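Treat the numbers as computed from the prediction; the structure is a model and nothing was measured. Throughout, protein chains are lettered first and strands after them, A, B, ... in sequence-line order, and every chain is numbered starting at 1.
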Amino acid sequence: MNNQKRIHNANMNINNNVPLKKAKHFEDDEIDEENNMDNTGEGPETMQSSEKWSRPALPQINPKQDKVVFQQIDIDHYVSGEAFPGMPGPKLPPVSVMRMYGVTMEGNSVCCHVHGFCPYFYIICPRSFEKNNCDAFRLALDKAVLKDMRSNKENIQETVLEVEILERQSIMGFLGDDKQRFIKITMALPKLLAPAKRILEKEIVMNDFDFQDCRAFENNVDIDIRFMVDTGVVGCSWVEIPAGSYIIRSTNSNPNSESRSQLEIDVAFDKFIAHEPDGEWAKVAPFRILSFDIECAGRRGIFPEPKVDPVIQIANMIIRQGEQEPFIRNCFTLNECATIVGSQILCYDKEADLLGAWASFIRETDPDILTGYNINNFDIPYLIDRAKHLKVKNFEYLGRIKNLRSVVKEQVLQSKQMGRRENKYVNFEGRVPFDLLFVLLRDYKLRSYTLNSVSYHFLQEQKEDVHHSIITDLQNGDDQTRRRLAMYCLKDAYLPLRLLNKLMCIVNYMEMARVTGVTLESLLTRGQQIKVMSQLLRKCRTKGFVIPSYHTQGGEDQFEGATVIEPKRGYYANPITTLDFASLYPSIMMAHNLCYTTLFQPGTKIHVDEKDLERTPTNNAFVKSSVRKGILPEILESLLAARKKAKNDLKIEKDPFKRSVLDGRQLALKISANSVYGFTGAQVGKLPCLEISSSVTAYGRTMIELTKNEVEQKYTRINGYENDAVVIYGDTDSVMVNFGVKTLEKSMELGREAADFVSSKFIKPIKLEFEKVYYPYLLINKKRYAGLYFTKPETYDKMDCKGMFLLFFVYNLIKKLMVTKQPHFFIKNITTSQERCILRSPLYYNSFKILITIRLNYESYLILI
DNA sequence: CTTCGGCCCTAA
DNA sequence: TCAGTTAGGGCCGAAG
C-alpha cells in the first residue's frame, strides 16, 4: 500500500534544496508532483522508548461494531498511485485522496484516508449542448488535457472523469428565479482544473460548440476547502466514521501504515458523519501541544548560522489541551548537564545524536500542535538545516506521514493589512505549526514583540536573563553552567504555553475555524478572504448557486468610505453622550438585502418591477427580500444570531473552560461578520463587488447624517429640553452629543432615549445604541480625543484615549495640576509610534513644560509633570 | 519659506 | 498564486 514511497539517494536532498516556486511562472502540470518527489523518502518507524512519552494505548477496535469518532485538526490531500479497492471514484490511477488527522476523546491519534472525492468546476452550458453530448465532450476535453501535458510522469490515463449538465444559478447578479444550465466537469486531480479551464478558453475542443466564452465557475476553489464544504466538515469539527463503513489499514507500529498516527483507516467520502460543532460536539479533544526552544552556540556578535554554529540544547514542554501543566518537561543537552528538579535532562556527546534523538522524540510523543516563540522562522528551519548539514539520518521526518520529509520553503505573503512579509514555512502533515509570535503579530498591537516583553505584558513575568553573548561561554563551562542554560531554555519553552493558555489562543482559533469553516492552519497561513469564501461556498451549495472564477481585470477606482463629522474641538467639562450603531455595516447589508444574488445589474434582460427594487444612495439597485433574500444577509444573520446565542450561553455557563470556548466563539462571530464588507470591497480579491461595498458606505453616510439631524432637531429648548443638543463629533458609526446637561445620570437617560428614538427611524435590524458617556471630554481633532469613559454614573470604567493621544492626555493632566497644584504622574502603556512621538515632541505644550518620561520596563513609562 | 506626496499609524 | 475596506492625522524630506 506504500504507493507514495519512493527511494531516494540521501545526497540528493542535501544540496538540492526545495526549488523556489514563487518567482517562477510554473507550468500547471508540474506544480505538486515535483515538490512531492523532493520531500518523499523512506521514513523511519516510530520508536517507543518511554511510556510517558507515548500516547495512551489504542483500544481494540472492531470495524464491524465500533465507530471511530475524532476531532480533526488538519486536512490535506495527496495523489495515490493506486485506487483503493471498493471505494468510489476513478478506478484508473493516479487518484486524489483526502486525508483527515485528529484525536479521539481518549487521546488516540487518527489518520483517516478519504477516498473518491474529486475536484470539479462548472462552465455555462452552450445553448445547443445536450445531455447526449456529454460523453463526446468528456472524451474531447480529456484528450486535449492529456495532449497539453508536457510530461506525464505519473502516467495519468484519464483526466476528465465526468461531465454532466446541472441546473444552477450564478451568484453574480439577480437573474430571476429560472435556473440556468451549467456543465459540471469533474477532473481526476486538483492540478488538472487550471489546464482544463485554460484549454476551454483558448482551444476549440469540440467543433460543434463554442466553449470559449463559457466562463468558468468555482475553478479556483482549493480542493481542501471544496472537500470540507461538500462534506459539511468545518475546521476542528468532530467526525464520526460509523461501524461497518471503514477499513482499518493499520494500528500503531504496523510497518504497512503510511502514517505515524495510532489508528489509520480508509473510508469513502460519502460514508462519514460530519458533526456540527454545537452542543455535545462543541467539546475539544485532549490535543497534545508541544512547545520547544533551541539554543545555539553562536560566535560573538554573529547571528547563528546552521552551517557553522551547533545546536546545544532543545527544551520541550508538552501539555494536553484543557490541562494546566505540562506532563512532559525535558531538555536535550549537548554534554553533561546537572539535574533540574521536575525536568528530565537528556545528555548527548554528539550534536548529531542530540538532533536524531529529538526527532525521535517528536515522532514518539506525536504532538498535534507545535508551538514556541518564532519557531516558524527560526527554530524549525535552523534544526532542519543543521541536521542536513550534519547529515543526521531521518531527522526531517517530523510529520505524521512516514515517508514525507519536512522541508523549509520561503513564502511571501503580501496584504494591505500586514504589508509585505517573508516567511518560512515547514510542512508537518497532520501537525499544526502554531507559532505564538505569529499569533501575537496578528492579533495584538504591542510595542515590542520579544518574548521577554510579551511575557511581562501579559503575565507580569520576565524571562531568565541570559544574554545571548554568554550562551557559548555557559556551554563551554561545566555541568553547572550548562544547567543554568537549560533552566533558561526550559523557561523559553514554558512561557509560550503559559501565554497560549492565558490568551486562550488555541480555543479562540479553534472557534474561528469552526465558525468560518476553514482549517486551523489556514487561519495562520492565509488571509481574511478565504474565511468569507468558505462561508459563501457553503451557503451557495445549499441554494444551487455557483461562484464565478475571478479573472484578473485590474480594479482601479476607489470607492468612497465613511463620513467623519467635522469636530467641534475643545475641552468639555460636562458629560458627552456617545451613540453607536451596533455592527453598522453588517446590519446595513441585512436591512437593505445587499448581496451578489440580489444585485440588479443594468442591462439585465429580466424585468423587475420598480417597486421590488431598492435603489441605494450610489444608485445601484438590489431586489427586495420579498423577491429574493440575499445570501450575504443570511450569512450575517446566522453569524449574529449565533453570537447572541453564544453570549447568552456565556451568561449561564459556569465551567471556566467552556466559558472561554464560548467567549472565543462570540468574538470569532463578531470578527467574521465585520469582514464580509471588506471581502466585497477587496478589489484584488476572489469576488469583489463594489456595488455592494460602496452602497454600504453610502448608506452609512446618510445614516450618520440623519442621526445628527434628528438628535439636534428633537433635543432643543423649544421642545422643552434643558438645552439645545449639539453633535460635536462623529466617525462612521458613532455620534458624540452634547446635551448640555451637567449630570451623568441625565446624560445617560437622554442617551438611551435618543438611541431608541433614532433607531425607530431605521429599518430592522439597524439599531442605534447608547453605549457610554465621556466626562470630561477633550476633542482635539478628527480621530483624536480623550476622556473618562462612563457606562454607569457611579464610577468611570477607564480613561479612554484615541489616536495619538499623549499630548491630550497631558493637557488634561495639566488642567488637574492647575486646579490641585499637586505634582502628578501616571504610568501608561504605549506603542512604538507613541514612543517616537514622546521622544520627538517638544517638551512644551501650550507653553507648559510638561513631561519627563522614564522607561520603567519594556511596556510602561512613568511620565512626570 | 511653503506645499505636497510618501510613509506610518490609527479610527472605525 | 496570494493579498479585507476607506478616512485621516502627523512627520519628514523633496521640490518649488
Exercise. For B:dA12 versus C:dG4, give the span between their P atoms, rounded off to a whole number of Å.
Key: 22 Å
Exercise. Starting from the 5' end of DNA chain C, give me the residue, A:Ala562 or A:Asn220, whose nearest nucleotide shows up first.
Key: A:Asn220
Exercise. Please determine if a side-chain N or O atom of A:Gln558 lies less than 4.0 Å away from the OP1 or OP2 oxygen of C:dT6.
Key: yes
Quiz item: Taking OP1 and OP2 of B:dA12, is either one under 4.0 Å from a side-chain nitrogen or oxygen of A:Tyr785?
Solution: yes
Quiz item: Does B:dA12 have OP1 or OP2 sitting under 4.0 Å from an N or O in the side chain of A:Lys802?
Solution: yes
Quiz item: Counting only N and O atoms by type, is there a donor-acceptor contact under 3.5 Å from the side chain of A:Tyr729 to the main-chain atoms of A:Lys783?
Solution: yes
Quiz item: What is the distance, rounded to the nearest whole Å, between atom CG of A:Leu687 and atom P of C:dA3?
Solution: 14 Å
Quiz item: Hey, does the side chain of A:Lys686 come within less than 4.0 Å of C:dC2's phosphate (OP1/OP2), counting only N and O?
Solution: yes
Self-check item: Rounded distance in Å - CZ (A:Arg784) to P (C:dG8)
Solution: 12 Å
Quiz item: For the side chain of A:Val684, counting heavy atoms from C-beta on, which of C:dG9, C:dA3, C:dG4 is nearest?
Solution: C:dA3
Practice problem: Starting at atom CD of A:Glu771, determine the distance to atom P of B:dA12, rounded to an integer number of angstrom. | Solution: 10 Å
Quiz item: Tell me: OH of A:Tyr774 to P of B:dA11, nearest whole Å?
Solution: 10 Å
Quiz item: Of A:Ile530 and A:Thr697, whose nearest nucleotide on DNA chain C comes first from the 5' end?
Solution: A:Ile530
Practice problem: Classify the nucleic acid contact of A:Gly678 as base, sugar-phosphate or nothing, counting any heavy atom under 4.0 Å across all strands shown. | Solution: base
Quiz item: Where does the angle between the aromatic ring planes of A:Phe679 and A:Tyr596 fall among parallel (under 30°), tilted (30 to 60°) and perpendicular (over 60°)?
Solution: perpendicular
Quiz prompt | Cation-aromatic face contact A:Lys798/A:Tyr789, 6.0 Å, 45 degrees | solution = yes
Quiz item: Would you call the rings of A:Tyr677 and A:Phe559 parallel, tilted or perpendicular if under 30° counts as parallel and over 60° as perpendicular?
Solution: perpendicular
Practice problem: Write down the distance between CG (A:Leu579) and P (B:dA12), rounded to a whole number of angstrom. | Solution: 14 Å
Quiz item: At under 4.0 Å between heavy atoms, what does A:Phe559 touch on the DNA or RNA strands: base, sugar-phosphate, or nothing?
Solution: sugar-phosphate
Practice problem: Using only side-chain N and O atoms of A:Lys783, determine if any of them is under 4.0 Å from OP1 or OP2 of C:dG8. | Solution: no
Quiz item: With respect to the phosphate group of C:dG10, does any side-chain polar atom (N or O) of A:Asn781 fall under 4.0 Å of OP1 or OP2?
Solution: yes
Quiz item: Separation of A:Tyr585 atom OH from C:dT5 atom C1', in whole Å?
Solution: 8 Å
Practice problem: Assess whether side-chain hydrogen bond (donor to acceptor under 3.5 Å, both in side chains) is satisfied between A:Thr791 and A:Asp797, documenting all intermediate values. | Solution: CA-CA 7 Å; A:Thr791 51; A:Asp797 302 71; 3.0 Å; yes
